Amino acid sequence: MWFKNSRVYQLSSPLSVDLAALEQALVEFRFTPCSGQQQSSQGFSFPFESAQSYCYQNQHYLFFAIKRQEKLLPATVVQEEMQPRLEALEAEKGRALSRKEKDSIKEDVTFELLPRAFSKTQLVLACYDQNKQRIMINTSSSSRAEDVLALLRKAMGSLPALPWLDPYRLSNCLQLWLQSEQLPSSFQLGHEVELKAPDEEGAKVRFSNHLLTTEEVQSHLQDKQVTRLELQQEEGLSLKVCDDGSLKSIRYHDSISSKNDELGWEDADARLAADSLLMASTLSAALEQIAQAVTKDE
């Protein structure tokens, strides 16, 4: 349940805190497995099985989970099943089949194979910070994050969510941060950066496990823009801030990830509650520091 990546969104108005009504709204769109010929299905699931609730509250944080199931039907399998039918029909008609005819056969074959296809299931966690009115989604994929927001909109009627940072201001800050200027409070430069030229060729350069203050790195700021930069706290977390506002490779210092070890797992509910609160509060505090650094001159 420790978020490893995150897409973050800012709400212009708070979500309802009527948990009973919110729970019922999520139940209406709960997950059901794919039916025989259904290629994909998604819906709300329990963020933590022991809680048996579609909306799990821990202090001022609300946790949600969206489960998505997809049937895996490789194109090679479909093609292998199609080929004899195509050849037989072409022989019968004495001509090559049109694209429309081929597409029709492909649809028929796919429909027949789906009940026998393997299924892949993914669970995406999301956390809503009621104090900051931010939604943190545990994914690096923009499409997966949008799926979560879309489902929340369906359940709640509306969801006024926008990316948490202005991309233009963030881009300017990434340039400054690489120069060790105006870094977010408590953060320092990490050891990884990616830069890209803004022209059509888009030349890229990446430094990993590297001292970022060296001339070798800094010289690229003359003709390139920072697209990803690692920041780290001394005993907090490290993460890579991308120019689209997403956060990747979030890692928690041992002093944080082991903080609740004395609780053990005999009482799984208590440990889960403690870990989820610790993760959410740590990540939320880091987000706030980054947001303040980006917006401080507004």
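Note that the coordinates shown come from a computational prediction; the quantities given were computed from them, not determined experimentally.
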Salt-bridge present ([X], [Y]; N to O < 4.0 Å):
X: K240; Y: E192; answer: yes
X: K132; Y: E288; answer: yes
X: D244; Y: R7; answer: yes
X: E70; Y: K120; answer: no
X: D275; Y: R271; answer: yes

For [X], look at atom [atom1] and say whether over 12 heavy atoms of other residues, nucleotides or ligands are found less than 6.0 Å away.
X: E262; atom1: CD; answer: yes
X: E80; atom1: CD; answer: no
X: E181; atom1: CD; answer: yes
X: R99; atom1: CZ; answer: no
X: R30; atom1: CZ; answer: no
X: E23; atom1: CD; answer: yes

Applying side-chain contact (heavy atoms from CB on, under 4.5 Å) to R228 and R206, what does each step give before you reach the verdict? CA-CA 9 Å; R228 183 182 302 184; R206 175 183 176 184; 5.8 Å; no
Could you tell me if the side chain of [Y] sits less than 4.5 Å from the side chain of [X], heavy atoms only?
X: L152; Y: I135; value: yes
X: Y128; Y: F64; value: yes
X: I250; Y: S6; value: yes
X: F29; Y: L151; value: yes
X: L62; Y: D129; value: no
X: Q232; Y: L237; value: no
X: Q42; Y: I66; value: yes
X: T139; Y: L125; value: no

Verify, without hydrogens or angle tests, whether [X] (side chain) and [Y] (backbone) share a donor-acceptor contact under 3.5 angstrom.
X: N138; Y: K4; value: yes
X: W2; Y: S257; value: no
X: Y252; Y: L283; value: no
X: E101; Y: S98; value: yes
X: S258; Y: D261; value: no
X: S41; Y: P33; value: no
X: S219; Y: E215; value: yes
X: S246; Y: C242; value: no
X: E234; Y: G236; value: no
X: R169; Y: V294; value: yes

Using 0.5 Å steps for rounding, measure from the [atom1] atom of [X] to the [atom2] atom of [Y].
X: L11; Y: L149; atom1: CG; atom2: CG; result: 8.5 Å
X: C127; Y: M136; atom1: SG; atom2: CE; result: 3.5 Å
X: Q39; Y: C34; atom1: CD; atom2: SG; result: 8.5 Å
X: L178; Y: E230; atom1: CG; atom2: CD; result: 12.0 Å
X: S284; Y: Q289; atom1: OG; atom2: CD; result: 10.0 Å
X: Q69; Y: T121; atom1: CD; atom2: OG1; result: 4.0 Å

Using the rule that two of Ile, Leu, Val, Met, Phe, Trp, Tyr join whenever any of their side-chain heavy atoms come within less than 4.5 Å, decide whether [X] and [Y] are in one cluster.
X: V124; Y: F31; answer: no
X: V109; Y: F111; answer: no
X: M279; Y: L123; answer: no

Show the nearest heavy-atom pair for residues [X] and [Y], with the distance to one decimal.
X: T282; Y: L278; value: OG1-O, 2.7 Å
X: K67; Y: S45; value: CE-OG, 3.7 Å
X: W177; Y: A293; value: CZ2-CB, 3.9 Å
X: S140; Y: K248; value: CB-CE, 3.9 Å
X: L263; Y: A270; value: CD1-O, 4.5 Å
X: G245; Y: W164; value: O-NE1, 2.9 Å

Are [X] and [Y] close enough that a side-chain donor and a side-chain acceptor fall under 3.5 Å?
X: S141; Y: S143; answer: yes
X: H210; Y: E216; answer: yes
X: S104; Y: E107; answer: no
X: Q10; Y: R134; answer: yes

Stepwise, does the side chain to side chain donor-acceptor pair (under 3.5 Å) test hold for Q175 with Q179? CA-CA 7 Å; Q175 302 292 107; Q179 300 171 71; over 6 Å; no
When the ring centroid of H220 is compared with that of F207, is the distance short of 6.0 Å?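 Yes.
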For F48 together with Y56, are the ring centres under 6.0 Å from each other?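 Ring-ring flag for Y56/F48: true, centres closer than 6.0 Å.
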Please lay out, stage by stage, how S186 and Q233 fare under the test side chain to side chain donor-acceptor pair (under 3.5 Å). CA-CA 6 Å; S186 83; Q233 297 169 318; 2.9 Å; yes
Applying side-chain contact (heavy atoms from CB on, under 4.5 Å) to Y54 and F46, what does each step give before you reach the verdict? CA-CA 5 Å; Y54 291 96; F46 298 147; 3.5 Å; yes
Are Q38 and K71 close enough, and set up right, to give a side-chain contact (heavy atoms from CB on, under 4.5 Å), and what steps lead you there? CA-CA 8 Å; Q38 193 176 6; K71 293 287 186 67; 5.8 Å; no
Run N58 and S276 through side chain to side chain donor-acceptor pair (under 3.5 Å) and show every step you take. CA-CA 8 Å; N58 195 339; S276 62; 3.0 Å; yes
D223 and L195: CA distance, side-chain angles, deciding distance, side-chain contact (heavy atoms from CB on, under 4.5 Å) verdict: CA-CA 9 Å; D223 59 355; L195 303 99; over 6 Å; no
